[in-house]
**Student:** 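Right, I'll just put the structure down here and ask away after.
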Number of protein chains: 2
Amino acid sequence: MRYEELADLPCSITRPLVLLGDRWTLLVLKEAFAGVRRFNAFRSHLGIPRSRLQDRLTRLVEHGVLARRPAEDGEHPEYRLTRKGHDLYPVLMAIRDWGDSHMAPDGPPVHYRHTGCDGEAHVKLECDACGTRLSAHDVTPQAGPGLR
Amino acid sequence: MRYEELADLPCSITRPLVLLGDRWTLLVLKEAFAGVRRFNAFRSHLGIPRSRLQDRLTRLVEHGVLARRPAEDGEHPEYRLTRKGHDLYPVLMAIRDWGDSHMAPDGPPVHYRHTGCDGEAHVKLECDACGTRLSAHDVTPQAGPGLR
DNA sequence: AACCTCCGGTCTCTTTTCGGGACCAGAGGC
DNA sequence: GCCTCTGGTCCCGAAAAGAGACCGGAGGTT
């Protein structure tokens, strides 16, 4: 129970990571953003063991990231992103930007294009007051209300 | 060796995750961005077992995310972010934005402020051509040069 | 020198988690 | 009635994580 206790720390990086920080969870979510909804579809795309997939899906449902619906037409359940899950898209896109920059010697395997536009989607860190583009050097941490 | 093979897939989300997707790696990097450089400092801040920390640091050095220097003044080695490591900041900030939104009922534990400005740093997904703010619905994947 | 401490790092043992396959039940299809 | 597909559970051997003992080099003290 040592590691799970990290989720109680007042840190908005640590807390999500206790949920998301493992081999499969973010990969499952990546598939979900690609439109995958069915149990066996996740399984065949990722090669994840069934029991592991079951664990991860259940946990994501418990945390409100996915919703399990008994399916609308057929009988087979669907796992769909909730609003909360949908909000994770920038995380995956930030990872992808990094992957394209540093782990894609032949260029990006996939372009993520603004639909109906020539541009590509990229993640940017900005100051919400002055709009300046920021890097780690420009940011200063400061105590907030959620600090116990 | 099944799981590691995912790193060979032509996907810029999957490839980084094989390196970053585990309990500790992103937490170690979070500490690195907070200025931590020494072995025992990582250890005491995170409560990570020493052998685990050793593994992770070594792996990050091998991947060029951290650099191990014999230290400039004293004798003790330092682990510092490389350029490649520095580029991971948006990933951590994207996670933090999500944590603040969905896992911080009492408000953000920490504000990440634009130094010398009142604004806060936030991650945004934008079209690099037209500048529009994008969500997952506005993005279409398209084959790129890195696709085998 | 002898002793003590601090530090990064290794080794080893136990517990937890993961991987992979067997097994199961419900829903159709034929 | 039988075969198949699907989501889901169970179980066991393998891999990874946790925890603590141990080690060696560098300083500091006396």
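Throughout, a chain's letter reflects where its sequence line sits, starting with A, and its residues are numbered from 1.
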**Student:** Under 6.0 Å between ring centres: does that hold for His63(B) and His102(A)?
**Tutor:** no
**Student:** Which whole-number value in Å describes the distance from Arg43(A) CZ to dG21(C) P?
**Tutor:** 10 Å
**Student:** Using ring centroids (six-membered ring only for Trp), state whether Phe33(A) and Tyr89(A) fall under 6.0 Å.
**Tutor:** yes
**Student:** In whole Å, I'd like the distance from the CZ atom of Phe39(A) to the C1' atom of dC24(C).
**Tutor:** 14 Å
**Student:** Rounded to whole angstroms, how far apart are CG on Asn40(B) and P on dT10(C)?
**Tutor:** 14 Å
**Student:** How about Leu20(B) and Val65(B): do any of their side-chain heavy atoms sit closer than 4.5 Å?
**Tutor:** no
**Student:** Round to a whole Å and report the spacing from CD1 of Ile48(A) to P of dC18(C).
**Tutor:** 9 Å
**Student:** I need the CZ-P distance between Phe42(A) and dG7(D), as an integer number of Å.
**Tutor:** 11 Å
**Student:** Taking side-chain contact (heavy atoms from CB on, under 4.5 Å) as the criterion, tell me which of Arg80(B), His86(B), Lys84(B) meets it with Thr82(B).
**Tutor:** Lys84(B)
**Student:** Quick one: is dG18(D) close enough that its OP1 or OP2 comes under 4.0 Å of any side-chain N or O from Arg23(B)?
**Tutor:** yes
**Student:** According to a strict under-4.0 Å criterion, is Gln54(B) in side-chain N/O contact with OP1 or OP2 of dG8(C)?
**Tutor:** no
**Student:** Report yes if a side-chain nitrogen or oxygen of Trp24(A) is closer than 4.0 Å to either non-bridging phosphate oxygen (OP1 or OP2) of dG19(C); otherwise report no.
**Tutor:** yes
**Student:** Under 4.0 Å between a side-chain N/O of Arg52(B) and OP1 or OP2 of dA17(D), yes or no?
**Tutor:** yes
**Student:** Starting from P on dA16(D), measure out to OH on Tyr3(A) and report it in whole angstrom.
**Tutor:** 17 Å
**Student:** Between dA16(D) atom C1' and Asp22(A) atom CG, what is the distance in whole Å?
**Tutor:** 13 Å
